[in-house]
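Note that this is a predicted model, so its numbers are computed, not measured. Counting from 1, the numbers follow the sequence of the chain as shown.
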Amino acid sequence: MDLGDDIQVLAAQLAAAHEWLLSTTSPIASEPARRANFESARGKVFQEETLWETWCQLYVEWCAIDAQDLNARQACLDAAPSDLRSAVAAWLASQRTLCEFSRLQPSVRVVDVLRGATFEATTAIALAGVQPGDLAEVRLVGFGGRVWLGPTMLFHARAARTAIARQCQDATAAGAPPERIMDALAQLLAKVGRYSHMPAHKIYALDQALADRGA
């Protein structure tokens, strides 16, 4: 992806801050109880499965950002190298959400399906194979006057777009917060890979995991 010089500098700062943050919080990710909590919410994926690498990346990001309380986040920020502090702060304030890629050219536009906002997004990674209408769990990072897409994206089945939209509407109406909806969708995606005999849209449409999140 061809980025201007100024944007490349920002991208490099974000990448360095991301690496520093994950490295600094790696002891947290090694705690069995943390992994158990993550898998309880999002489902367990095994090493031989296609989703394994993405699942692991999501887990270490969750440990570094989402699972940390305000005091732990402040401690990370205080310990950050001075030249990375603003970028580390951006990661710590970032937000996971379910996005639809509504446009890819001439710029990337994403719609936050769960919260309703639309963003012109910047990404330092190639979006090879992504098509308008694709749905993915992504991390949005505000930095340098831009909204950036984090490097780890969890794409949902294209064939299930209509079922996913309906499930999200129903779960939101039932009072489920966005984080719980994304966790339930992740569980359903893991089932899609295992139940290859069943069409993806039926797995998303019939499973009650999303509806249960409203409780």
Asks: Could you walk me through whether Trp148 and Phe143 pass the ring pair (Phe, Tyr, Trp, His ring centres under 6.0 Å) check?
Replies: CA-CA 7 Å; Trp148 297 77; Phe143 182 63; 7.1 Å; no
Asks: List the atom of Glu100, the atom of Gly133, and the distance in Å for their closest heavy-atom pair.
Replies: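 Here Glu100 and Gly133 meet closest at OE2-CA, 3.7 Å.
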Asks: Once you round to the nearest 0.5 Å, how far does CZ of Arg42 lie from CG of Leu154?
Replies: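 Those atoms lie 6.5 Å apart.
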Asks: Would Val88 and Leu92 count as a side-chain contact (heavy atoms from CB on, under 4.5 Å) if you check the C-alpha gap in whole Å, the side-chain angles of each, and the deciding distance to 0.1 Å?
Replies: CA-CA 6 Å; Val88 170; Leu92 291 172; 3.9 Å; yes
Asks: Can you give me every donor-acceptor pair (side chain of residues 29-36, partner residue at least two apart or in another chain, under 3.5 Å) with its distance?
Replies:
from: Ser30; atom 1: OG; to: Pro27; atom 2: O; distance (Å): 2.7
from: Glu31; atom 1: OE1; to: Arg34; atom 2: NE; distance (Å): 3.2
from: Arg35; atom 1: NE; to: Glu39; atom 2: OE2; distance (Å): 3.2

Asks: State, with a plain yes or no, whether a side-chain heavy atom of Leu98 is found less than 4.5 Å away from one of Cys168.
Replies: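 With C-beta onward as the side chain, the pair touches.
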Asks: Can you confirm whether Val130 sits close enough to Phe155 that some side-chain heavy atom of one is under 4.5 Å from a side-chain heavy atom of the other?
Replies: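 With C-beta onward as the side chain, the pair touches.
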Asks: One pair to check against side-chain contact (heavy atoms from CB on, under 4.5 Å): Leu149 and Phe101. What are the steps and the verdict?
Replies: CA-CA 11 Å; Leu149 301 181; Phe101 286 82; 3.8 Å; yes
Asks: Under 4.5 Å between any side-chain heavy atoms of Val111 and Phe119, yes or no?
Replies: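 Contact flag for Val111/Phe119 side chains = no.
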Asks: Indicate the atoms forming the closest heavy-atom contact of Cys99 with Val113, along with that distance.
Replies: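 Taking Cys99 first and Val113 second, the nearest heavy atoms are C-CG2, 4.2 Å.
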Asks: Please confirm whether the backbone N or O of Leu14 pairs with a side-chain atom of Trp91, one donor and one acceptor, at under 3.5 Å?
Replies: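 Such a contact is found between Trp91 side chain and Leu14 backbone.
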Asks: Which distance, rounded to the nearest 0.5 Å, do you find between the OG1 of Thr152 and the CZ of Arg96?
Replies: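 Atom-to-atom, Thr152:OG1 and Arg96:CZ are 11.5 Å apart.
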Asks: Decide side-chain contact (heavy atoms from CB on, under 4.5 Å) for Thr162 and Tyr204; before the verdict, give the C-alpha distance in whole Å, the side-chain angles of both, and the deciding distance to 0.1 Å.
Replies: CA-CA 9 Å; Thr162 301; Tyr204 281 94; over 6 Å; no
Asks: Stepwise, does the side-chain contact (heavy atoms from CB on, under 4.5 Å) test hold for Val110 with Val138?
Replies: CA-CA 10 Å; Val110 295; Val138 303; 6.0 Å; no
Asks: When you measure from the side chain of Ser40 to the backbone N and O of Asn37, does any donor-acceptor pair fall under 3.5 Å?
Replies: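 No, because the side chain of Ser40 does not come within donor-acceptor range (under 3.5 Å) of the backbone of Asn37.
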Asks: Hey, could you give me the CD/CD1 distance between Gln167 and Ile181, rounded to the nearest 0.5 Å?
Replies: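 Here the rounded value is 10.0 Å.
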Asks: Over all heavy atoms of both residues, which pair between Trp20 and Ala79 is shortest? Give the atoms and the distance, please.
Replies: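 That would be CZ2-O, 3.5 Å.
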Asks: Side chains of Met153 and Glu137: does their closest heavy-atom pair fall under 4.5 Å?
Replies: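 SC-SC contact between Met153 and Glu137 ruled out.
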Asks: Main chain of Leu77, side chain of Arg85: is a donor-acceptor contact present, judged purely on distance under 3.5 Å?
Replies: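 Indeed, once roles are kept as given, a pair shorter than 3.5 Å links the two residues.
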Asks: Testing the basics here: between Ala159 and His201, what is the closest heavy-atom pair and its distance to 0.1 Å?
Replies: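 Of all heavy-atom pairs spanning Ala159 and His201, the closest is O-CB, 3.4 Å.
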Asks: Could you work out, with side-chain contact (heavy atoms from CB on, under 4.5 Å) as the rule, every residue matching Val45, not counting sequence neighbours?
Replies: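 With sequence neighbours excluded, Val45 shows a side-chain contact (heavy atoms from CB on, under 4.5 Å) to Glu49, Leu51, Trp52, Trp55, Ala190, Arg194, given in chain and number order.
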Asks: Suppose the criterion is salt bridge (charged side-chain N to carboxylate O under 4.0 Å, His left out): which pairs have a residue in residues 118-134, not counting sequence neighbours?
Replies: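 Passing the test, one end in residues 118-134: Arg103-Glu120, Arg109-Glu120, Asp134-Arg158, Asp134-Arg161.
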Asks: Closest approach of Ile164 and Ala157, non-hydrogen atoms and distance?
Replies: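 Shortest heavy-atom separation between Ile164 and Ala157 comes out as CD1-O, 4.2 Å.
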Asks: Does any part of the side chain of Leu21, heavy atoms only, come nearer than 4.5 Å to the side chain of Ile65, both counted from C-beta?
Replies: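 Yes; the side chains approach each other to less than 4.5 Å.
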Asks: Taking the side chain as every heavy atom from C-beta outward, state whether Thr122 and Val108 have any pair of such atoms under 4.5 Å apart.
Replies: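 The answer is no; the side chains never approach within 4.5 Å.
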Asks: For the residue pair Asp78 and Gln74, confirm or rule out a side-chain donor-acceptor distance under 3.5 Å.
Replies: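 On atom types as modelled, these side chains qualify, holding a pair under 3.5 Å.
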Asks: How long is the span from the CD atom in Gln57 to the CG atom in Leu22, to the nearest 0.5 Å?
Replies: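 Taking CD in Gln57 and CG in Leu22, the distance rounds to 9.5 Å.
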Asks: Backbone N or O of Arg139 within a donor-acceptor pair of the Gln95 side chain at under 3.5 Å?
Replies: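 Checking the backbone N and O of Arg139 against the side chain of Gln95, no donor-acceptor pair under 3.5 Å is found.
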Asks: Flag the pair Leu114 / Met182 as yes when at least one side-chain heavy-atom distance between them is below 4.5 Å, and no otherwise.
Replies: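 Yes, at least one pair of side-chain atoms sits under 4.5 Å.
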Asks: Measuring only between side-chain heavy atoms, which start at C-beta, is Leu140 closer than 4.5 Å to Ser94?
Replies: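 Of all side-chain heavy-atom pairs linking Ser94 with Leu140, none is under 4.5 Å.
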Asks: On a heavy-atom basis, which atom in Ile125 and which in Gly150 lie closest, and how many Å separate them?
Replies: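 Minimum heavy-atom contact is CD1-O, 4.4 Å.
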